[in-house]
Amino acid sequence: MEVIIAATPGQVGCIAAGVIAGIVGKKPDAVLGLATGSSPMVVYAELARMRHDAEIDLVATRGFALDEYVGLAPGHPARYAAVVQRDIVEPLGMTPENVTVPDGGSLDHEQACRDFEAAISRSGGVDVQILGIGTNGHIGFNEPTSSLTSRTRVKTLTEQTRADNARFFNTADEVPRHCITQGLGTIFEARQLLLVAQGKGKARALAAAIEGPLSSMCPASLLQLHPRATVVIDEAAAGDLALTDYYRYAFDNKPASSGVRFGQGPCGQG
Ligand code: GLP
């Protein structure tokens, strides 16, 4: 696992967007795994800037959302289908037909999950999966004790997750109790995992994910098993890590050919 500690949240977005741009530059129809939540918004903002400045073209790029609430009304602004359209597809100039979100409104949830998995398979698989992390270590909506080999399925949200996400709803009661989420086994099949996080509220979960034991009690610890997992976090989010000196040393001494470095281009400006 590569752990990159950025100086600011903006730099988190810049470094992670650089990773994605590198992949799309080589493969314009690359498949992105799209996380929602507030953490990846800095990544999408930087990709939108790159698009605006004609540094990237995502018209042919495909995408699959990580998860979706079950049972929200079709027009509800907190539906991830709406969030993906509003905060990702439009500003990044993606083609709406190229982006698939699990169908949280289906009456047959199991079929909706099978259809979603089949669509990922037909696409050839996810090239880079963008991830946030919940305060309890969840990725997607795979709550603690999710099977490490799980596939896309309906999950029951923890009260912690419902409380954390209440800010996107008018009232806490409005937050659904169920969701459809890519499974941990589904996420693991992406060719690269790219987790971003900011703020001290994520520090404990990140320490468990990066330096704790591999355990379904911290679903994000699955990244430890993946051959290409990159974690980009700011100083506050890195606050509970033990090996920060090593992560900085490793990044500062990366071979020049291997990726983005601080101090170059907009990433150096925070
Ligand atoms: C939700 C999403 C996750 C996200 C998590 C953290 O539960 N399903 O994909 O990683 O929230 O969200 P935030 O980045 O807003 O803290």
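Counting convention: from 1, in listed order, for ligands and their atoms alike. Just so you know, these numbers use all the heavy atoms, side chains as well, and skip hydrogens, waters and symmetry mates.
Within the structure, ligand 1 lacks Gln160 among the residues with a heavy atom less than 4.0 angstrom away.
Around atom NZ of Lys200, no more than 12 heavy atoms belonging to other residues, nucleotides or ligands sit under 6.0 Å away.
With a heavy-atom cut-off of 4.0 Å, Glu143 does not touch ligand 1 at all. Residue-level proximity to ligand 1 for Tyr80 is carried by the side chain, the only part with a heavy atom below 4.0 angstrom. At a 4.0 Å heavy-atom cut-off, ligand 1 does not touch Ala35 at all. Residue-level proximity to ligand 1 for Ile133 is carried by the backbone, the only part with a heavy atom below 4.0 angstrom.
Aromatic ring centroids of Tyr69 and Phe169 lie under 6.0 Å apart.
Close contacts between ligand 1 and Gly132 involve ligand atoms 10 (O) [criterion: under 4.0 Å to a heavy atom]. Annotation for ligand 1: atoms under 4.0 Å from non-hydrogen atoms of Arg167 are 13 (P), 15 (O), 16 (O). Set against the non-hydrogen atoms of Asp67, the atoms of ligand 1 under 4.0 Å away are 2 (C), 8 (N), 9 (O). Listed by atom number, the atoms of ligand 1 under 4.0 Å from Phe141 heavy atoms are 1 (C), 7 (O), 8 (N).
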Report task. Verify salt bridge (Lys or Arg N to Asp or Glu O under 4.0 Å) between Arg49 and Glu46, making sure each step is shown before the conclusion. Result -> CA-CA 5 Å; Arg49 185 207 58 79; Glu46 174 62 8; 2.9 Å; yes
Query raised in the report: Between Arg51 and Glu90, does a salt bridge (Lys or Arg N to Asp or Glu O under 4.0 Å) hold up when you go through it step by step?
Result: CA-CA 11 Å; Arg51 177 220 181 191; Glu90 285 171 17; over 6 Å; no
Query raised in the report: Please walk me through it: do His178 and His109 pass side-chain contact (heavy atoms from CB on, under 4.5 Å)?
Result: CA-CA 11 Å; His178 300 101; His109 298 318; over 6 Å; no
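Distances between N or O atoms of Gly140 and those of ligand 1 include at least one value under 3.5 Å. Note: an N/O pair closer than 3.5 Å links Ser38 and ligand 1 by distance alone.
Nearest to atom 16 (O) of ligand 1 by heavy atom, out of Lys202, Gln182, Glu68, Gln198, is Lys202.
Among all protein heavy atoms, the one lying closest to atom 12 (O) of ligand 1 is Gly37 CA, 4.0 Å. When only non-hydrogen protein atoms are considered, atom 11 (O) of ligand 1 lies nearest to His138 NE2, 3.8 Å. If you check which protein heavy atom lies closest to atom 14 (O) of ligand 1, you get Ser39 OG, 2.5 Å.
Atom CG of Leu195 is separated from atom CG of Leu131 by 5.0 Å, given to the nearest 0.5 angstrom.
Judged purely by atom type and a 3.5 angstrom limit, Asn142 uses its side chain to pair as donor or acceptor with the backbone of Gln182. At distances below 3.5 Å, at least one donor-acceptor pair connects side-chain atoms of Arg62 with backbone N or O atoms of Ser123.
The pair Arg177-Glu143 does not count as a salt bridge, with every side-chain nitrogen at least 4.0 angstrom from each carboxylate oxygen.
The minimum heavy-atom distance linking Ser216 with Leu148 is given by the pair CA-CD2, 4.1 Å.
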